[in-house]
Amino acid sequence: HKPNLKGKMGPPPVIPSVPRPVNLDDYKSHASRILPKNAYDYYASGANDQITLSENRAAFERLRIVPRVLRDVSSVDCSTTLLGTARVKYPICVAPTAMQRMAHDDGEKATARACAGSGGGNGEDATLMCLSSWSTTSLEDVMNAAPSGGGPKWFQLYVYKSRDVTLDLVRRAERAGYQALAVTVDTPVLGKRENDVRNQFALPSHLTMGNFADHKEVGSGSDGPGGNSSGLASYVAAQIDPSLTWDTIRWLKTVTSLPIVLKGIMSPADAILAVNVGADGIWVSNHGARQLDTAPATIEVLPGIVKAVRGAAGVGASGSSKRNKCQIYLDGGVNRGTDVFKALALGADAVFIGRPVLWGMAHSGEGGVRHVLQLLQNEFEMAMRLAGCRSLDEVQSEGKMMVIHKEIISRL
């Protein structure tokens, strides 16, 4: 503060406090103001015209929830178990998002601590976290960031052209205590994110991809772009194997005993193939609308995939049993507790959120991530009570009659 006309110091200026966000959009708005353009655009953008990016949200908004009433909802159980081992209080998990230290210096460590919950990972309020291969912190350091590993964790895996690099990541994830591999299957090449091209995006020079210190041939991800591209697109073209087939998944099944979830399934036909090849989980995802633009919203294709996996006509008893064991997850556009309700009502076992975690981190690190999770959890529990559902079993058994497209509602 400045001296007044008499040379004395005046009162310090009043700095307006920033209101605490009350929903996930508030966090996004704050992040758009404080993050460097290079980072915000990388996190926020979709591919090409971003049609799918808009549709991921619009498709949820076209669905209506028809509530049931006069039910005792004084006690509501939102808990579930994922892949038979990960018990969580809410079916809301953290998706793998790359390069989190661009949002906050604590990056993936902050996310791990936030997901640990009040019990440090031992309590019932822990949240499942899936770590990106392209983390700016090593997978071991993320696992050690919170007591007892900080709650259940999966590791997202890209299959590299070098199978030695791929296998090394698998072995390290096993040793560190990750409980499953989420294999990304929708990235033979990187979708064109035009804001990244305009920004000539590359990982800031003070950061590196934390999982490749011993694999100099893979690179750090901080190299500049070449041609009409971004640094990350060039990296993917050089390192990620575009020749993946179902045989690649069969190979992975032979080299690890960890459960394998296939991330990026959008077709009922592919969902059936995933089950037949031995996938333990199917992750319905369009990669946050960052790959094939004009692909449908994930919530729109979810019912068809659920039907294919759990109720296809003409499947024998043994086939049906195998399919019923395969869990189904969804990401893409989940921004409200009612979105979580809709996804579970239409057959998902859990949802994953990505960008909102980054917006929370940009706001206040670990505390921001924890608050983002709490907001969504509280909204989901409220939605269950207001819809008249007391457990996830009730949401899923009655959901098809409760979640209806708005055009059908108008004709009732």
Side-chain angles (χ1 to χ4, degrees), residues 31 35-47 53 93-112 115 129-139 141-142 145 153-160 165-166 169 172-173 178 181-193 195-197 199-213 215 218-225 229-240 263-264 283 285-291 331-332 352-362 369:
L35 283 177
K37 179 176 174 56
N38 184 59
Y40 179 79
D41 283 353
Y42 171 74
Y43 291 146
S45 295
L53 184 65
C93 311
V94 171
T97 52
M99 310 176 191
Q100 294 184 14
R101 289 186 63 199
M102 291 196 304
H104 188 282
D105 193 52
D106 289 344
E108 294 84 2
K109 290 182 180 181
T111 303
C115 288
M129 172 188 178
C130 186
L131 179 70
S132 171
S133 283
W134 296 345
S135 166
T136 38
T137 309
S138 73
L139 62 91
D141 286 348
V142 173
K153 288 187 181 61
W154 298 352
F155 183 69
Q156 175 270 330
L157 180 71
Y158 286 105
V159 178
Y160 278 74
V165 171
T166 305
L169 289 171
R172 288 169 58 195
Y178 288 80
L181 298 176
V183 182
T184 295
V185 296
D186 61 3
T187 312
V189 296
L190 198 72
K192 186 179 181 183
R193 298 106 188 239
N195 283 340
D196 287 350
V197 175
N199 296 336
Q200 294 286 279
F201 173 81
L203 185 63
S205 59
H206 69 286
L207 299 176
T208 61
M209 292 188 184
N211 288 319
F212 303 104
H215 294 283
V218 172
S220 67
S222 60
D223 296 333
S229 184
S230 70
L232 189 59
S234 300
Y235 175 87
V236 169
Q239 302 296 342
I240 304 303
K263 180 179 180 292
W283 191 326
S285 174
N286 52 34
H287 211 113
R290 294 158 71 79
Q291 285 298 96
D331 68 21
F352 284 76
I353 60 169
R355 290 182 178 96
V357 170
L358 298 169
W359 309 148
M361 185 179 301
V369 176

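Residues: numbered from 1 along the sequence shown.
- For the pair Phe155 and Asn211, the minimum side-chain heavy-atom distance is below 4.5 Å.
- Residues satisfying the side-chain hydrogen bond (donor to acceptor under 3.5 Å, both in side chains) test with Thr166, not counting sequence neighbours, are none.
- Taking 4.5 Å as the limit, some side-chain heavy atom of Met361 sits within range of a side-chain heavy atom of Thr111.
- Side chains of Lys263 and Cys130 form no contact here, defined as non-hydrogen atoms less than 4.5 Å apart.
- Interatomic distance, Glu108 CD to Cys115 SG, rounded to the nearest 0.5 Å: 11.5 Å.
- The backbone N or O of Gly210 lies less than 3.5 Å from no partner atom in the side chain of Ser138, so there is not a single donor-acceptor pair.
- In this structure, Trp134 has its ring center at least 6.0 angstrom away from the ring center of Phe212.
- For the pair Arg290 and Tyr42, the distance from NZ or CZ to the six-membered ring centre is under 6.0 Å and the angle to the ring normal is within 45 degrees.
- With sequence neighbours excluded, the residues satisfying salt bridge (Lys or Arg N to Asp or Glu O under 4.0 Å) with Asp41 are Lys37.
- A distance-only check finds no donor-acceptor pair linking the side chain of Tyr158 to the backbone of Thr187 [under 3.5 Å].
- Annotation: the span from Tyr235 atom OH to Met209 atom CE amounts to 4.5 Å, rounded to 0.5 Å.
- Atom CG of Asn195 and atom CG of Asn38 lie 10.5 Å apart (nearest 0.5 Å).
- Residues passing the side-chain hydrogen bond (donor to acceptor under 3.5 Å, both in side chains) test with Arg355, sequence neighbours excluded: none.
- Considering only residues two or more places apart in sequence or on other chains, Tyr43 meets the ring-ring contact (aromatic ring centres under 6.0 Å, His included) condition with none of them.
- Closest approach of Leu181 and Ala173 over heavy atoms only: CD2-CB, 4.2 Å.
- Residues satisfying the side-chain hydrogen bond (donor to acceptor under 3.5 Å, both in side chains) test with Ser132, not counting sequence neighbours, are none.
- Across all their heavy atoms, Leu139 and Arg172 have their closest contact at CD1-O, 3.6 Å.
- Checked by atom type and distance alone, the side chain of Gln100 never pairs as donor or acceptor with a backbone atom of Asp106 at under 3.5 Å.
- For Trp283, the ring-ring contact (aromatic ring centres under 6.0 Å, His included) partners at least two apart in sequence or on another chain are Phe352.
- By the side-chain hydrogen bond (donor to acceptor under 3.5 Å, both in side chains) test, Asp105 is found to be paired with Arg101, residues two or more places apart in sequence or in another chain being considered.
- Residues Arg193 and Leu232 are in side-chain contact: their nearest non-hydrogen atoms beyond the backbone lie under 4.5 Å apart.
- You'll find the side chain of Tyr178 reaches within 4.5 Å of the side chain of Val142, heavy atoms only.
- Within the 4.5 Å cutoff, the side chain of Leu358 has no heavy atoms near those of the Leu35 side chain.
- Between the OG1 atom of Thr97 and the CG atom of Asp331 there is a distance of 11.0 Å, given to the nearest 0.5 Å.
- Ala47 is linked by a side-chain contact (heavy atoms from CB on, under 4.5 Å) to Asp293, counting only residues two or more places apart in sequence or in another chain.
- The side-chain heavy atoms of Met102 and Leu203, taken from C-beta on, include a pair separated by under 4.5 Å.
- Between the Gln156 side chain and the Ser133 main chain, a donor and an acceptor come within less than 3.5 Å of each other.
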